[in-house]
**Student:** 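Sharing a structure, written as structure tokens. Questions coming.
Residue numbering restarts at 1 for every chain, and letters A, B, ... go by the order of the sequence lines.
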Amino acid sequence: MSRFYLTTAIDYVNSRPHLGTAYEKVTADVIARYHRLRGVETHFLMGNDEHSQNVHRRALELGLDPIAYCDRMESEFRAVWRTLDVSFDDFIRTTEPRHRASVTRMLERIAERGDLYEGFYEGWYCVSCEAFKQEKDLVEGKCPVHHVEPKWLREKNHFFRLSNYRDALLSHFEAHPEFLQPEVRRNEIMRLLESGLEDISVSRSGQAWGIPMPQSPESVVYVWFDALINYASGVGYGTDETRFEAWWPADLHIVGKDITRFHSVFWPAMLMSAGVALPRQVFGHGWVHHRGERMSKTLGTTVDPLEAAERFGVDPLRLYFVKEIPYGQDGDFAYDRFEERYNVDLANNLGNLVSRVATMADKYRGGRLPATAGEPGRLPGAAEAVVGRYTEAMDRLALHEAAAAAFALVDAANEYITETEPWALARDPANADRLSQVLHETAEAVRIAAVLLSPVVPASADTVLARMGGPSATARRFDEATTWSTASERTVVLGPALWPRAEGGRLPGTHDRGEARAMTDSDSGKDAGESQPVPPAAAPAATPAPAADPRITFDAFMEIDLRVATVLAAEKVEKSRKLIKIEVDLGTERRTVVAGIAEAYAPEDLVGRTVVVVANLKPAKLMGIESNGMILAASLEGGIPALVRFDDPPPPPGTRVR
RNA sequence: GCCGGUGUAGCUCAGUUGGUUAGAGCACGCGGCUCAUAUCCGCGUUGUCCGGGGUUCAAGUCCCUGCACCGGCACCA
């Protein structure tokens, strides 16, 4: 039997999954379910990436052992995936022994090949910046920011000879155009390869959270190197060779478009070095924006997938992801659009279709539809064409086209009912056979549409299949399940509306829980301990965990020294778009502050104004100017800033603001 | 300033390797039906496919160029 091994990126556990993460897992799940439906033995791997410094820091902040913290996050992640019906076969964590063994093994192999060498990461290091500087960035041998001479620093590190693999990678890309998709991503990486590759550092010294470098336990494996290996360790590399032989190479890595480089350059080079076959395909999906804006964790503008699923249901959300966003491109999510798609595709079309077929079968035939005998109508042909389009689209990962194809069959069934007018046939007993046939054929078309949609909306498809009758629908394989079949009697079952029409932003009978709650980084970790596992649900999902208290203490606030200040002088910073250099009178002293408000204020308009300054902020260099403080302004992402101002007359400079 | 992305119907967007009168959904108008979740079906309206050059028998699609918007970074302390 053929096999299919599919992976998604593993996730950092420093915040809960947001809508974009959910998008990746759901679309991968659709692919996995499709292959299973086709009768292919499928292995679908997901997991968490835990060896990150952020994770370590976050755990310590919460007073938790890092592993304990990761345990909590794992249950959070699993709960979300369970709710969204993501059917992974295995879930790997990079802290697991099987993974550590695998990473060690691969590094040993790479070392044996001679592709690992100890070296010194060296370069100009600016102490003020706490960062290495490129030679080309220095101005007259000095740090362009701090105007100090940087030190030449050497830090011991392990390097991977990535540069050795440029040619091999290029020819692989040329020989296998399908290796990286979609095409845009492939072109980007081709250009990158053409411009050459440099060796990369694969270890970090002076850290304890990670996998120790073999033969060099004072340093740990750099996190991304560690993370990539999960795809191999997940199927037994270095721990279970039989299993590894059975599943490797992976057929498909589904990753975000930002990390295609890791997966299509670094990862294959590592595998080549270790003497392991390359994965067959890497697919870089796009972003899901929210109302046209990129979701940002730091700005708290992410959408909670559980909240979205709760509004109209898990399957409607899954359908939205698949049908409304061309796979491989960026897409947009908005609640009003979600509602529109819910009403149009599910309530009005598929749901209403199921309802009208079931009602007529019940009313005219007591639900029992005999085997058909007459000349079939146009639906069998329509179904066959749709199935062809569907598989063709699925096989090239055009998930949105596949979903659209399935809905074309729904449309055809609705049209067929209008054309044949079963209610008219029912008026004349002479048409009895004809009526039975029309209903049977329509039910069969709906059944096939449900089979096609089952990878996308698994729970709903099961319900539709049950309602449409037919022989043991779920047990059948794809080819058989999509073959037209009205040759035996079936029983169509009546039931409540699958998707009642939504209005005013929610389903009838649900309570308003308020607008979408923005997730923030602070709530993601702190509520980890309190939240309850969410039960699986086909339709309205469980309540998201309550947000943790993001408030700071009064003492923390009082640490910020806010002062009234008067602008004495202001000038635009040369060659800068946003920065203005401002001299302020703080009452007791003069300060130079650089503020990023040039897009909203002209320097000359600032002179004489009273502003609020954060007086005890550490200095920073911006465009070579040292800024001693920060001027408070309201700022919208992408919008223009607005300075905080006082009623007239303003308080004198130096007055504390609190 | 650098890099990347986008620009197609009122709105949200599709348009495969360049090929007949440029599409879908929503919205809007008219008509039909009554089995159905005020649902369904049919017909219809609106397009300088951002502008300008070019390649071609043929350009929404390829090349050059300009403009607009968006994002990231550089400079948001």
Side-chain angles (χ1 to χ4, degrees), chain A residues 137 144-145 182-184 188 191 257-258 286-287 289 291-294 296 323-326 329-334 336-337 339-364 392-393 396 398 400-401 404 407-408 410-426 435 438-439 442 494-503 507-508 573-581 593-600 613-614 616-633 635 637-638 640-641:
Chain A
D137 293 332
V145 181
E183 211 58 28
V184 226
E188 278 175 13
R191 282 199 295 274
K257 64 181 185 180
D258 55 327
W287 303 128
H289 297 272
R291 302 174 68 86
E293 309 238 329
R294 177 136 178 214
S296 155
K323 186 161 176 282
E324 293 312 300
I325 303 174
Q329 294 185 32
D330 287 354
D332 193 56
F333 178 87
D336 51 1
R337 186 155 165 80
E339 178 176 348
E340 178 200 300
R341 297 324 308 169
Y342 170 90
N343 277 336
V344 172
D345 288 333
L346 295 173
N348 294 354
N349 287 336
L350 181 54
N352 183 54
L353 174 63
V354 168
S355 176
R356 61 200 303 213
V357 170
T359 305
M360 285 191 283
D362 181 70
K363 186 186 284 185
Y364 304 137
E392 184 277 328
R396 61 182 165 85
H400 57 297
E401 290 183 39
F407 271 91
V410 172
D411 290 341
N414 267 324
E415 289 160 22
Y416 192 63
I417 292 176
T418 304
E419 290 164 16
T420 53
E421 300 187 320
W423 51 90
L425 295 173
L435 173 60
V438 162
L439 292 178
T442 311
L494 219 48
L498 271 79
W499 299 283
R501 267 187 73 86
E503 259 169 78
L507 301 176
V573 175
E574 196 78 13
K575 293 185 70 178
S576 161
R577 200 177 82 220
K578 291 182 177 175
L579 300 183
I580 296 182
K581 177 184 170 189
V593 177
V594 179
I597 56 172
E599 288 169 307
V613 172
V614 182
N616 60 342
L617 200 62
K618 283 183 180 170
K621 287 264 190 179
L622 296 170
M623 295 296 281
I625 302 162
E626 185 171 276
S627 177
N628 284 286
M630 172 173 173
I631 293 182
L632 293 191
S635 57
E637 181 68 1
I640 57 168

**Student:** Starting from the 5' end of RNA chain B, give me the residue, A:Ala347 or A:Glu401, whose nearest nucleotide shows up first.
**Tutor:**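 It is A:Glu401, whose closest nucleotide lies nearer the 5' terminus.
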**Student:** Measure the distance from CG on A:Leu350 to P on B:rA36 and round it to the nearest whole Å.
**Tutor:**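 Roughly 18 Å, once rounded to whole Å.
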**Student:** Can you check the A:Met630 CE to B:rC75 P distance for me, whole Å?
**Tutor:**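 Nearest whole value for this atom pair: 17 Å.
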**Student:** Could you work out the separation of B:rU37 and B:rC30 based on their C1' atoms and round it to a whole Å?
**Tutor:**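 Comparing C1' positions in B:rU37 and B:rC30 gives a spacing of 25 Å.
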**Student:** Could you give the distance separating B:rU16 and B:rC75 at their P atoms, to the nearest angstrom?
**Tutor:**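 40 Å, rounded to whole Å.
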**Student:** Taking the minimum atom-to-atom distance to the side chain of A:Ala497, which one of B:rU37, B:rG42, B:rC35 wins?
**Tutor:**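 Comparing B:rU37, B:rG42, B:rC35 against the side chain of A:Ala497, the answer is B:rU37.
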**Student:** When the C1' atoms of B:rU45 and B:rG29 are compared, how many Å lie between them, rounded to an integer?
**Tutor:**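 These two C1' atoms come out 8 Å apart once rounded.
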**Student:** Using a heavy-atom cut-off of 4.0 Å across all strands, would you classify A:Asp345 as base, sugar-phosphate, or nothing?
**Tutor:**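 No contact.
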**Student:** Work out how far the P atom of B:rG51 is from that of B:rC11, and round it to whole angstrom.
**Tutor:**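 Per the computed distance, 16 Å lies between those P atoms.
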**Student:** Provide, to the nearest angstrom, the distance between the CH2 atom belonging to A:Trp287 and the P atom belonging to B:rC70.
**Tutor:**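 Answer to the nearest Å: 21 Å.
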**Student:** Taking only the P atom of each, what is the distance from B:rU8 to B:rC50 in whole angstrom?
**Tutor:**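 B:rU8 and B:rC50 have their P atoms separated by 6 Å.
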**Student:** Given the P atoms of B:rG54 and B:rU61, what is the spacing between them in whole Å?
**Tutor:**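 Nearest-Å result for B:rG54 against B:rU61 at atom P: 14 Å.
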**Student:** When we call it a touch if two heavy atoms are under 4.0 Å apart, what does A:Pro422 touch: a base, just sugar-phosphate, or nothing?
**Tutor:**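 If one applies the 4.0 Å heavy-atom cut-off, A:Pro422 turns out to touch nothing in the nucleic acid.
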**Student:** To the nearest angstrom, how far is A:Asn348 atom CG from B:rA38 atom C1'?
**Tutor:**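 From A:Asn348 CG to B:rA38 C1': 10 Å.
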**Student:** Between B:rA9 and B:rU48, how far is it from one C1' atom to the other, in whole Å?
**Tutor:**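 It works out to 13 Å between them.
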**Student:** So what does A:Asn352 touch, heavy atoms closer than 4.0 Å: a base, only the sugar-phosphate, or nothing?
**Tutor:**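 Answer is base: heavy atoms of A:Asn352 come under 4.0 Å of a base.
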**Student:** Whole angstrom is fine here: how far is it from CG in A:Asp411 over to P in B:rA36?
**Tutor:**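 Going from CG in A:Asp411 over to P in B:rA36 covers 21 Å.
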**Student:** Once you round it to whole Å, what is the distance between P of B:rC35 and CD1 of A:Ile417?
**Tutor:**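 In whole Å, B:rC35 P and A:Ile417 CD1 are 12 Å from each other.
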**Student:** Roughly how many Å apart are B:rU6 and B:rG15, using the P atom of each and rounding to a whole number?
**Tutor:**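 Per the computed distance, 11 Å lies between those P atoms.
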**Student:** Using a 4.0 Å heavy-atom cut-off, does A:Thr359 contact any base of the nucleic acid, only the sugar-phosphate backbone, or nothing at all?
**Tutor:**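 Here A:Thr359 touches the backbone only, sparing every base.
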**Student:** Expressed as a whole number of angstroms, how long is the span from A:Arg501:CZ to B:rA36:P?
**Tutor:**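 Result: 17 Å.
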**Student:** So what's B:rC11 paired with, Watson-Crick or G-U wobble, going by both distances under 3.5 Å?
**Tutor:**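 WC or wobble partner is B:rG25.
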**Student:** May I ask you to decide whether A:Asp345 forms a salt bridge with A:Lys323, counting only side-chain N to carboxylate O separations under 4.0 Å?
**Tutor:**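 Answer for the salt bridge query: yes.
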**Student:** Could you tell me the separation between the CG atom of A:Asp258 and the P atom of B:rG71, rounded to a whole number of Å?
**Tutor:**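 One finds 18 Å between P of B:rG71 and CG of A:Asp258, rounded.
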